[in-house]
Asks: 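Here you go, one structure.
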Amino acid sequence: MCGITGWVSYRRDLTTQRKTLDAMTETMSCRGPDAQGAWVDRRAALGHRRLAVIDLPGGAQPMEVPTPDGPVAMVYSGETYNYTELREELKRRGHRFATDSDTEVVLHGYLEWGEELAQKLNGMYAFAIWDSRTEKLVMIRDRMGIKPFYYYETDDGVLFGSEPKAILANSLAPAVVGADGLREVFTFAKTPGHAIWEGMRELQPGDVAVLDRNGLREYAYWRLTADEHTDSEQETVAHVRDLLEDIIARQLVADVPRCSLLSGGLDSSAMTALAAKQLGEQGESVRSFAVDFPDQEQHFQPIDVAPTQDTPYVHAVQKHVHSDHSDIVLDGAALSDPAVRRAAVGARDLPVGLGDRDNSLYLLFKAVREHSTVALSGESADEVFGGYPWFHDERREADIFPWMGGGGIRLDFSASLSPDVAGRLQVDTYLKDGYATAVSKTPLKDGETGLEKRMRQVCYLHLTRMVQTLLDRKDRMSMAVGLEVRVPFCDHRLVQYVFNTPWSLKTFDGREKSILREATRDLLPTSVAERKKSGYPGSFDPSYLAAIQSQTAELLSSGHPMLELIQQAPLREAAHAPGPEVGTHQRMGLERALDLATWYDLYKPEIKLD
């Protein structure tokens, strides 16, 4: 896992731009704390920050292979889980390897198969290959978008990076946020390809982008497809179990300490139990970590997406699988620390996150990194198997993204905009248009109608819109502290298979995530196997609320330029209300205001509303 960046220019001599390349690369030092590398010729400059996970001495980057017609160089971020099979296939085709790294396998794979290499990879990856033989740059991102990749077209080439901050470190890419960028910021439905910053794009999941002297073109090498599902209930459950066994085995491969992120929910518990089973066969125990908060039992408030506390279930799993477990307890002072907020907002490059849930995730990963370099996460199982409550109630029928319907927390931040800004941005119209576009792209089987058709659409919305926001958050927060987080439930084989499983089969026991529950029930305590969906926990520590109230009151008196975008009266009321009277939405408003101001202070963006 690493941070990559680069610059291709067909009219500049980039051998004179090493200082700029180093500045771009340095922005991602947290993503790769172990080493820094650069490769520069006249037309291409590649930068790399390395987090060493596989073949610690041999995987240095940028990596180059000389050819009779010129070198081929690559910067690569991520993991290719089937690299050992690919290496054997390439050896049979005459390739010779100097290292044991997956990076070298991917580079040789390009030499053998060209852009079609993408079809052969299983993993999470984002990489760029400069082929000096044809003066061509090839950029490839994994199928589910687990690893980020951004690019910015210039007048004679392109800038690219794992994160926008790498591109913004080049003076050719000014930090400008236009109206559509703000619309994206104040919604919770990521538009594929949108990067917030003017002129910048995010390479879409499952896409290849190719730059040569004729320009840049982007095309898909993978998309979800609607296929006939012929397996019985028993066969489906068995196949999902087989897939999970294989996925976990592949994703446990590392030359550094590994662990599991355990919440006590079905997803992370099943993953942890499978890891414990496989490691136990090798004479090892699984290391697990969970987040918790002081006096959570006293202060906990159930909400739609998180109706129960995690800790009792976490400890039940720990005892059941005998994991080497640690609870990471985060108090209000740590969560409200402005330095932590700056770190979390800076990690995401976004002004609006999820408040204390972003801060606590950053601190959790920071604590885990003291013990492990690789962590497995249960992220995305809800999107794959249909775990959210709105999959199962009237919200799934709404003519909008289901997670923005009524009940629970409305994951839409546009209500905090000032009337003038809201009128100019027309966020509701933007959301409706985005929803209509997303639904229109849903692959359907011939003759699919009724509930099955609608649930295929709902699943597609989650797998292409919501999951992108969550995966980006997970990647940014973890890589900000040099922790590699792997997401087994995003293996494209599992995603494609379950996507085509009929909704009636996904809910065969009348509950959410029926297939996953049945496929892993034998590994879990009954209480955990029967637990309802409960999302990543928030803190209800009164000291946290008091701290952000005080910080918001100070912000409101400062005349900060970002206050022009949001409604101040509700903030002022929430900032001075007694703690017990501050509701969930008011608290989120306080957090969003602080995030917005922090983001502006970090990036000093030019805001263009029109």
Asks: Is the NZ or CZ atom of Arg42 both under 6.0 Å from the centre of the six-membered ring of Tyr10 and within 45° of that ring's axis?
Replies: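 Geometry flag: not set, cation outside 6.0 Å or 45°.
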Asks: Salt bridge check: are Glu89 and Arg92 linked by an N-O gap of less than 4.0 Å?
Replies: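 No, Glu89 and Arg92 are not salt-bridged.
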Asks: Answer with yes or no whether the side chains of Glu202 and His194 bring together a donor and an acceptor at under 3.5 Å.
Replies: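 Distance-only check fails for His194 and Glu202.
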Asks: Which is it for Val138 and Val208 under the side chain to side chain contact (heavy atoms under 4.5 Å, CB included) test, yes or no, and what are the steps along the way?
Replies: CA-CA 7 Å; Val138 178; Val208 176; 4.1 Å; yes
Asks: Please work out whether the ring planes of Phe160 and Phe149 are parallel, tilted or perpendicular, with thresholds of 30° and 60°.
Replies: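 Rings of Phe160 and Phe149: parallel, under 30°.
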Asks: Less than 4.0 Å between a side-chain N and a carboxylate O, is that true for Glu591 and Arg341?
Replies: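 Looking at Arg341 and Glu591, the cut-off is not met.
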Asks: Just by distance, with hydrogens left out, do Thr5 and Thr25 show a side-chain donor and acceptor under 3.5 Å apart?
Replies: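 No pair is found: no donor N or O on one side chain lies under 3.5 Å from an acceptor on the other.
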Asks: Would Lys147 and Ser162 count as having a side-chain donor-acceptor pair, cut-off 3.5 Å?
Replies: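 No, no side-chain donor-acceptor pair sits under 3.5 Å.
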Asks: If you apply the rule salt bridge (Lys or Arg N to Asp or Glu O under 4.0 Å), what do you find for Asp207 with Arg223, and how did you get there?
Replies: CA-CA 9 Å; Asp207 270 18; Arg223 290 290 187 269; 2.8 Å; yes
Asks: Taking CD in Glu116 as the centre, count heavy atoms belonging to other residues, nucleotides or ligands within less than 6.0 Å. Is the count above 12?
Replies: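 Counting neighbours around CD of Glu116, 12 or fewer heavy atoms of other residues, nucleotides or ligands fall under 6.0 Å, so no.
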Asks: What about Phe97 and His108, are their ring centers closer than 6.0 Å?
Replies: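 Yes; His108 has its ring centre under 6.0 Å from that of Phe97.
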Asks: Could Glu184 and Lys190 be called an ion pair, given the rule that one side-chain N must be under 4.0 Å from one carboxylate O?
Replies: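 Looking at Glu184 and Lys190, the cut-off is not met.
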Asks: Salt bridge check, Arg486 against Glu79: does any charged N sit closer than 4.0 Å to a carboxylate O?
Replies: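 Result for this pair is yes, salt bridge flagged.
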Asks: Can you check whether Arg369's main-chain N or O pairs, donor with acceptor, with Ser372's side chain at less than 3.5 Å?
Replies: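 Looks like no, no N/O pair under 3.5 Å.
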Asks: How far does OH of Tyr110 sit from CD1 of Ile140, to the nearest 0.5 angstrom?
Replies: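 Between Tyr110 OH and Ile140 CD1, I get 8.5 Å after rounding to 0.5 Å.
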Asks: For the pair Trp197 and Trp599, name the ring-plane relationship: parallel under 30°, tilted 30 to 60°, perpendicular over 60°.
Replies: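 Taking Trp599 first and then Trp197, their aromatic rings sit tilted (interplane angle of 30° to 60°).
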Asks: What distance do Arg287 atom CZ and Asp324 atom CG have between them, rounded to the nearest 0.5 Å?
Replies: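 Output value for this atom pair is 4.0 Å.
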Asks: Regarding Glu26 and Arg49, does a basic nitrogen lie under 4.0 Å from an acidic carboxylate oxygen?
Replies: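 A salt bridge links Glu26 with Arg49.
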Asks: Salt bridge between Arg87 and Asp102, side-chain N to carboxylate O under 4.0 Å?
Replies: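 No salt bridge links Arg87 with Asp102.
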Asks: With no hydrogens and no angle check, just 3.5 Å: does a side-chain donor-acceptor pair link Ser478 and Glu484?
Replies: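 No.
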Asks: Does the side chain of Gln278 pick up a donor-acceptor pair with the side chain of Glu245 at under 3.5 Å?
Replies: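 Yes, Glu245 and Gln278 have a side-chain donor paired with an acceptor closer than 3.5 Å.
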Asks: Take atom NZ in Lys19; do more than 12 heavy atoms of anything else shown fall under 6.0 Å from it?
Replies: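 Count not over threshold, so no.
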Asks: Under the side-chain contact (heavy atoms from CB on, under 4.5 Å) test against Leu483, which residue among Thr373, Val374, Val368 passes?
Replies: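 By the side-chain contact (heavy atoms from CB on, under 4.5 Å) criterion, Leu483 pairs with just one of Thr373, Val374, Val368: Val368.
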Asks: Set out, in order, the CA-CA distance, both residues' side-chain angles and the distance that settles salt bridge (Lys or Arg N to Asp or Glu O under 4.0 Å) for Arg592 and Asp595, then state yes or no.
Replies: CA-CA 5 Å; Arg592 290 195 294 272; Asp595 281 356; over 6 Å; no
Asks: Say whether Asp13 and Thr15, considering side chains only, have a donor N or O and an acceptor N or O under 3.5 Å apart.
Replies: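 Yes, Thr15 and Asp13 have a side-chain donor paired with an acceptor closer than 3.5 Å.
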Asks: May I ask you to check whether Tyr152 and Asn170 show a side-chain donor-acceptor distance below 3.5 Å?
Replies: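 Per modelled atom types, Tyr152 and Asn170 side chains form no pair under 3.5 Å.
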Asks: Ser336 vs Gln551, test: side-chain hydrogen bond (donor to acceptor under 3.5 Å, both in side chains). Steps then yes/no.
Replies: CA-CA 9 Å; Ser336 62; Gln551 292 167 12; 4.5 Å; no
Asks: Check step by step if side chain to side chain contact (heavy atoms under 4.5 Å, CB included) holds for Arg476 and Arg31.
Replies: CA-CA 9 Å; Arg476 302 298 195 86; Arg31 294 187 73 92; 4.2 Å; yes
Asks: Might you point out which heavy atoms bring Ser323 and Ser288 nearest each other, and give the distance in Å?
Replies: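 Closest pair (atom of Ser323, atom of Ser288, distance): OG-OG, 2.8 Å.
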Asks: Under a plain distance cut-off of 3.5 Å, with no hydrogens placed, do Tyr83 and Asn122 share a side-chain donor-acceptor pair?
Replies: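 On atom types as modelled, these side chains do not qualify, holding no pair under 3.5 Å.
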Asks: Could you tell me whether the side chains of Gln17 and Trp7 share a donor-acceptor contact shorter than 3.5 Å?
Replies: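 Distance-only check fails for Gln17 and Trp7.
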Asks: Quick one: do the His462 and Asp382 side chains pair a donor with an acceptor below 3.5 Å?
Replies: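 Not at all, the side chains of His462 and Asp382 share no donor-acceptor pair under 3.5 Å.
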Asks: Does the cation-pi check pass for Lys136 over Trp130, that is, NZ or CZ under 6.0 Å from the six-membered ring centre and within 45° of its axis?
Replies: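 The answer is no, since Lys136 fails at least one limit relative to Trp130.
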Asks: After noting the C-alpha distance and the side-chain angles of Asp156 and Arg12, does the key distance pass the salt bridge (Lys or Arg N to Asp or Glu O under 4.0 Å) rule?
Replies: CA-CA 8 Å; Asp156 72 332; Arg12 296 173 176 85; 2.6 Å; yes
Asks: Do we see a donor-acceptor contact under 3.5 Å between the side chains of Arg50 and Tyr76?
Replies: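 No, because no side-chain N or O of Arg50 sits under 3.5 Å from a partner of the opposite role on Tyr76.
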